[in-house]
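Heads up: numbering here begins at 1 and tracks the sequence. Computed from a predicted model, the values in this text were never measured in an experiment.
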Amino acid sequence: MQKMVKNNKTVVQKDASVDALFLLRNWNYISSSSPGIIFLDDYKRNRNKKKIDEEHEMKIEEVLAKQLLAEDPSIERFEEDFYGDFYDYFVNFLKFKCLSQGKDLASLEKRKLVLYLDLFNSQDFPGRKAYRYKLVFDSQLNFLAAESDFTLSALCRDLRGRVDQLSDYEAVRSQALASLAERFDSKNPDPNTRIQNFNVVLADLYDRYNLSRFKTAYQLVG
């Protein structure tokens, strides 16, 4: 690092060995009026950018960690693959799970079905599973968009890299869930339409992501 005096003020020449402590100690003596000089405002700008980048990365890591498949015994894998009428399958599946647990069918009214679709190995947390969609349905298999999720891990996987801003992910997530809510159309008064929509949407997701019992999991809550 080299010092020089210019216009009665001490400045620092560009040098890879510039010491941040020197810059901080000489706050009042470093001028920003001469080109080719490392100035304190440049140093502060770079430092702040690095801090912002680190904070962004920490937020990314926090979101990714929250969206891992939880190591919870209540989350189970399907024992077999199923095809065809998804609605009929899950209606009977919920009844079977209820009766096998020694509960009355009336208790189903309080239960919710959570489907974890498109499981894959997390790139950020080795040994853990991530998922693309977490789809939540009430006991009548109506889609609950507010409790569902489209994960950051899936978006990063599609992009083959990190998003520049979390707001970009949040926008994609909102759009993905809104699109699913529109397609399920669970508020439609016609039950036959709701059943048909349920079958069509799940069939599309299973085909699009080549889903099987190895790439799906479920959880009954409530």
Side-chain angles (χ1 to χ4, degrees), residues 63-101 103 105 107-160 169 172-186 194-222:
V63 174
L64 291 171
K66 289 179 180 179
Q67 294 177 334
L68 291 170
L69 188 67
E71 296 176 334
D72 186 332
S74 68
I75 298 178
E76 302 182 59
R77 299 296 187 93
F78 291 101
E79 296 181 359
E80 59 184 7
D81 288 322
F82 45 89
Y83 306 94
D85 194 324
F86 288 93
Y87 187 89
D88 185 63
Y89 174 87
F90 281 113
V91 166
N92 291 322
F93 179 78
L94 288 173
K95 291 179 180 179
F96 169 76
K97 297 297 290 188
C98 182
L99 294 174
S100 65
Q101 295 171 0
K103 297 181 180 180
L105 286 179
S107 66
L108 272 178
E109 292 298 321
K110 300 179 180 180
R111 308 301 297 275
K112 294 178 183 179
L113 172 66
V114 183
L115 297 179
Y116 298 92
L117 304 182
D118 195 18
L119 304 181
F120 56 91
N121 295 324
S122 171
Q123 299 296 313
D124 302 279
F125 299 88
R128 299 291 301 276
K129 287 286 187 181
Y131 52 89
R132 176 174 296 274
Y133 284 111
K134 171 187 174 184
L135 304 185
V136 184
F137 303 89
D138 65 16
S139 61
Q140 302 301 311
L141 298 181
N142 295 309
F143 179 58
L144 304 177
E147 299 178 38
S148 300
D149 206 0
F150 169 75
T151 68
L152 177 58
S153 293
L155 181 58
C156 291
R157 192 182 188 207
D158 292 342
L159 295 174
R160 297 185 179 180
Y169 156 66
V172 173
R173 175 184 179 276
S174 295
Q175 183 178 5
L177 294 177
S179 176
L180 284 174
E182 182 179 0
R183 295 183 65 195
F184 277 115
D185 192 17
S186 294
R194 294 200 305 272
I195 292 173
Q196 181 179 1
N197 290 343
F198 185 91
N199 286 331
V200 169
V201 175
L202 280 189
D204 178 52
L205 292 174
Y206 266 73
D207 289 342
R208 182 179 303 179
Y209 301 112
N210 193 28
L211 301 183
S212 67
R213 68 183 186 276
F214 303 110
K215 297 177 65 176
T216 56
Y218 71 91
Q219 183 181 28
L220 297 180
V221 298

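Side-chain N or O atoms of Ser179 include none that pairs as donor or acceptor with a backbone N or O of Ala176 at under 3.5 Å. Side chain of Arg111 to backbone of Gly222: a donor-acceptor contact under 3.5 angstrom is found. Judged purely by atom type and a 3.5 angstrom limit, Asp138 uses its side chain to pair as donor or acceptor with the backbone of Gln140. Checked by atom type and distance alone, the side chain of Asn199 never pairs as donor or acceptor with a backbone atom of Asp85 at under 3.5 Å.
Annotation: ring-ring contact (aromatic ring centres under 6.0 Å, His included) contacts of Tyr169 (sequence neighbours excluded): none. Taking Phe82 as the reference, Phe78, Phe86, Tyr89, Phe90, Tyr206 meet the ring-ring contact (aromatic ring centres under 6.0 Å, His included) condition, with sequence neighbours excluded. Phe143 is linked by a ring-ring contact (aromatic ring centres under 6.0 Å, His included) to Phe137, Phe184, counting only residues two or more places apart in sequence or in another chain. Residues passing the salt bridge (charged side-chain N to carboxylate O under 4.0 Å, His left out) test with Glu147, sequence neighbours excluded: Lys112.
In this structure, the separation between OG on Ser212 and CG on Asp81 is 5.0 Å, given to the nearest 0.5 Å. Interatomic distance, Phe125 CZ to Gln67 CD, rounded to the nearest 0.5 Å: 10.5 Å. Rounded to the nearest 0.5 angstrom, Glu182 CD and Asn197 CG are separated by 10.5 Å. Atom-to-atom distance recorded for Phe150:CZ and Leu155:CG is 5.5 Å, nearest 0.5 angstrom. Here the straight-line distance linking atom OH of Tyr209 with atom NZ of Lys215 works out to 10.0 Å at 0.5 Å rounding.
Considering all non-hydrogen atoms of both residues, Leu64 and Ser153 come closest at CD2-OG, 3.2 Å. Taking every heavy atom of both residues into account, Ile75 and Ala217 meet most closely at CG2-CB, 4.0 Å. Closest of all the heavy-atom pairs between Arg194 and Asp185 is CG-O, 3.8 Å.
Looking only at side-chain heavy atoms (C-beta outward), Leu180 and Ser148 stay at 4.5 Å or farther from each other.
Heavy atoms of other residues, nucleotides or ligands lying less than 6.0 angstrom from CD of Gln101 number more than 12. Environment of CD in Gln196: sparse, with no more than 12 heavy atoms of neighbouring residues, nucleotides or ligands closer than 6.0 Å.
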Solution key, residues 128-135 side-chain donor-acceptor pairs under 3.5 Å, sequence neighbours excluded:
unit_1	atom_1	unit_2	atom_2	d
Arg128	NH2	Leu69	O	3.3
Lys129	NZ	Asn121	OD1	2.9
Arg132	NE	Asp118	OD2	2.8
Arg132	NH1	Asp158	OD2	3.0
Arg132	NH2	Asp158	OD1	3.0

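Residues in residues 195-207 take part in these salt bridge (Lys or Arg N to Asp or Glu O under 4.0 Å) pairs, two or more places apart or across chains: Arg183-Asp204, Asp204-Arg208.
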Check the pair Leu220 / Leu94 against side chain to side chain contact (heavy atoms under 4.5 Å, CB included), numbers first and verdict last.
CA-CA 9 Å; Leu220 297 180; Leu94 288 173; 3.4 Å; yes
If you apply the rule side chain to side chain contact (heavy atoms under 4.5 Å, CB included), what do you find for Leu119 with Thr216, and how did you get there?
CA-CA 6 Å; Leu119 304 181; Thr216 56; 5.7 Å; no
